[in-house]
Structure formats: structure tokens, C-alpha cells
Amino acid sequence: MRMRRKPNLDARLDRCAHLLTLDPESYRGRWLSKHPFKKLHIELGCGKGLFTVETAKSSPDVLLVALEKTANVMVIALELAQKQEMKNVRFINALADNLDKFFAPGEVSRIYLNFSDPWPAKRHIKRRMTAPAFLALYRQILCPDGQIHFKTDNLPLFEYSVCAFEQAGFTVLEQTIDLHKDGPIGVMTDYEIKFHAQGVPINKCIVSV
């Protein structure tokens, strides 16, 4: 069921307009020339933005561009980034299918994929964010030695994804099926905090071009 648009959404988005990129196509190939940062990272599906903001804080020399398809959710991330006075975060309200329109070949150093929809049915495999068509897009925009950081609580999706990465020619640098076994590691998303509190193992892998 489609989420109903919040009645005050437009006003809330307007208040955060300096963080929202409405014309990402015009930045293609020029993200770093238009912003004073050394590297470009992107996050696909930022949700409420906790991971976005905390990750950007830890890397002030990196521009982190977060994509989120649902404006009702993205506005919460925008407001969090604005409250924290983030300078190195931008948001795009769009689907990942259009990555090659927003980013030029070799422009991105890192892609974060956190807790994307597992699409468990076989007929929906092509919708997974680690399906071959998406991996081809990622390879296109990643620079040499660029990385993908992938996390999920869904083990079947994780196993599928590791195989998909390898079949697409990516090199698996790290992988684990219980990231926080000995205590929390790294920046966690809102979902991840909840899952960890419930004792749900978190799977993570890092792959490179």
C-alpha cells in the first residue's frame, strides 16, 4: 500500500531546500567541482538518516549523497541533517535505477547499501539492489578500487548478494554473518539498532571493483 503524502511535507522540504538536490542530472560529473570535498560517497535508501548523518560526521572530507525514494521518510533525514548543521550531506528524492543519470563513470568512491528490501520471491529477483542490472550500474559509476558496503539482516539475501558480487567480477574484501557478535561495530542504522537489540545477526560484506 502506498504511503499517504503528509499534508505539511512541502513546507518541511522547503525548510531544508539547501540540502535537497532537485536537479541531480546537472551535477553529473561535477559533484566534487561544485562542492569542496575530496571524495564522493552515495547511500541508496537512507531512511530516517541516522546512518547518513553519523557517517558524514566521521568523514568531513567526503561528500555523502543519499538517495531515498519516499519523500515522507526522506524529510526526517533532511531535518536531522539540518539540525546537526551538516555541510557534507546532500539528498536526492529518486530511485536507484537512475544512478547513471546522476553520476558520471568513475565519479563515486563508495556505495552504501543498508537493509534494502530482500524481495524474496524468485519473480522479483531483478528488483533486489544486488541484482545484476544494479551491479552493472554500480560498476559504471564507481572509480577504480571503488567499494560497495552492504549490510542486511536477511541471510538468504546476503548469500545471494555475495554470489552476485563475485559473478559480476567484484572482489570480496570482507564478509561476516554476525557483524556485532562481540559488540556494536561502526555506524548503525535505525533498523540495525532495533535488530541488534532483538538479537538478530547482521550480515555485512565489503566488495571492490
Side-chain angles (χ1 to χ4, degrees), residues 24-25 27-32 38-47 51-52 55 59 62-70 90-180 185-189 191-192 195 200-209:
E25 294 89 348
Y27 285 81
R28 186 177 186 270
R30 298 188 293 170
W31 285 96
L32 294 180
K38 295 181 179 179
K39 293 183 179 181
L40 174 62
H41 294 177
I42 65 175
E43 180 187 3
L44 305 182
C46 67
F51 178 89
T52 312
T55 298
S59 303
V62 171
L63 175 64
L64 179 55
V65 178
L67 277 76
E68 174 55 54
K69 66 179 181 179
T70 307
R90 297 294 183 273
F91 294 87
I92 302 174
N93 183 201
L95 295 168
D97 309 58
N98 298 307
L99 284 178
D100 57 333
K101 298 177 183 177
F102 305 153
F103 306 102
E107 188 172 18
V108 176
S109 297
R110 183 177 298 176
I111 297 173
Y112 292 106
L113 285 174
N114 294 320
F115 302 92
S116 51
D117 194 321
W119 293 106
K122 287 186 178 181
R123 67 182 184 277
H124 291 150
I125 284 178
K126 65 181 181 181
R127 298 186 184 184
R128 295 174 184 172
M129 297 301 293
T130 51
F134 282 110
L135 296 188
L137 272 179
Y138 306 155
R139 178 177 286 279
Q140 181 178 337
I141 65 173
L142 281 169
C143 65
D145 298 323
Q147 297 182 349
I148 299 173
H149 290 222
F150 174 68
K151 286 195 287 188
T152 179
D153 61 304
N154 188 289
L155 184 57
L157 175 63
F158 183 71
E159 293 173 340
Y160 164 86
S161 300
V162 171
C163 289
F165 285 132
E166 293 175 334
Q167 290 173 0
F170 289 89
T171 300
V172 178
L173 303 177
E174 299 178 20
Q175 65 173 304
T176 176
I177 58 171
D178 197 352
L179 177 62
H180 306 303
I185 294 177
V187 179
M188 300 171 74
T189 72
Y191 280 122
E192 193 171 358
F195 291 146
V200 177
I202 304 301
N203 311 280
K204 180 179 181 180
C205 70
I206 299 175
V207 304
S208 70
V209 175

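One is the number of the first residue; the rest follow in order along the sequence.
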Apply the test side-chain contact (heavy atoms from CB on, under 4.5 Å) to residues Y27 and V65: give CA-CA distance (whole Å), side-chain angles for both, the deciding distance (0.1 Å), then the verdict.
CA-CA 11 Å; Y27 285 81; V65 178; over 6 Å; no
Tell me the closest heavy-atom pair linking T152 and N154, and the distance in Å.
OG1-N, 2.9 Å
Could you measure the distance from the CG atom of N203 to the CZ atom of F115? Nearest 0.5 Å is fine.
8.5 Å
Restricting to non-hydrogen atoms, name the atom on P24 and the atom on I92 that form the minimum distance, rounded to 0.1 Å.
CB-CD1, 3.7 Å
First locate atom CD of E159, then atom SG of C205, and finally report the distance between them rounded to the nearest 0.5 Å.
11.5 Å
Minimum heavy-atom distance A164-T130, with the two atoms named:
CB-O, 3.5 Å
Worked check of side-chain contact (heavy atoms from CB on, under 4.5 Å) between Y138 and L113:
CA-CA 11 Å; Y138 306 155; L113 285 174; 3.8 Å; yes
How close do E192 and I202 get, counting heavy atoms only, and between which atoms?
OE2-CG2, 3.9 Å
Straight-line distance of Y160 OH to Q167 CD, nearest 0.5 Å
8.0 Å
I want to check a possible cation-pi pair here: R128 against F134, using under 6.0 Å from ring centre and within 45° of the ring axis as the test.
no
Could you check E25 against F102 for side-chain contact (heavy atoms from CB on, under 4.5 Å), going step by step and ending with a plain yes or no?
CA-CA 5 Å; E25 294 89 348; F102 305 153; 3.6 Å; yes
Does E166 reach the side chain of V172, with side-chain heavy atoms less than 4.5 Å apart?
yes
About how many Å separate CD of E174 and NZ of K204, when rounded to the nearest 0.5 Å?
7.0 Å
Checking R90 side chain against W31 main chain: does a donor-acceptor pair fall under 3.5 Å?
no
Roughly how far, to the nearest 0.5 Å, is OG of S59 from NE2 of H41?
6.5 Å
Given 3.5 Å as the limit, does a donor-acceptor pair link the side chain of R110 with the main chain of E43, or not?
no
Minimal heavy-atom distance between L44 and A96, with the atoms involved, is CD1-CB, 4.2 Å
Kindly indicate whether the side chain of L99, heavy atoms from C-beta on, has any atom under 4.5 Å from the side chain of L67.
yes
Can any side-chain N or O of N93 pair as donor or acceptor with the backbone N or O of E68 at less than 3.5 Å?
yes
Using the side chain to side chain contact (heavy atoms under 4.5 Å, CB included) definition, which of the options I42, T55, V187 pairs with Y112?
T55
Any chance CG of L95 has more than 12 other-residue heavy atoms, nucleotides or ligands included, within less than 6.0 Å?
yes
Does H180 reach the main-chain N or O of I185 with its side chain, forming a donor-acceptor pair under 3.5 Å?
yes
Between NE2 on residue H149 and CZ on residue F51, distance to nearest 0.5 Å
8.5 Å
Just wondering, are more than 12 heavy atoms of other shown residues or ligands nearer than 6.0 Å to OH in Y191?
no
For a side-chain contact (heavy atoms from CB on, under 4.5 Å) check, start with the C-alpha distance between F150 and M129, then their side-chain angles and the critical distance, and finish with the verdict.
CA-CA 10 Å; F150 174 68; M129 297 301 293; 6.0 Å; no
Distance-minimising heavy-atom pair for S208 and D145
CB-O, 4.4 Å
Does G29 offer a backbone N or O that forms a donor-acceptor pair with the side chain of E107 under 3.5 Å?
yes
Does some side-chain heavy atom of R139 sit less than 4.5 Å from a side-chain heavy atom of F170?
yes
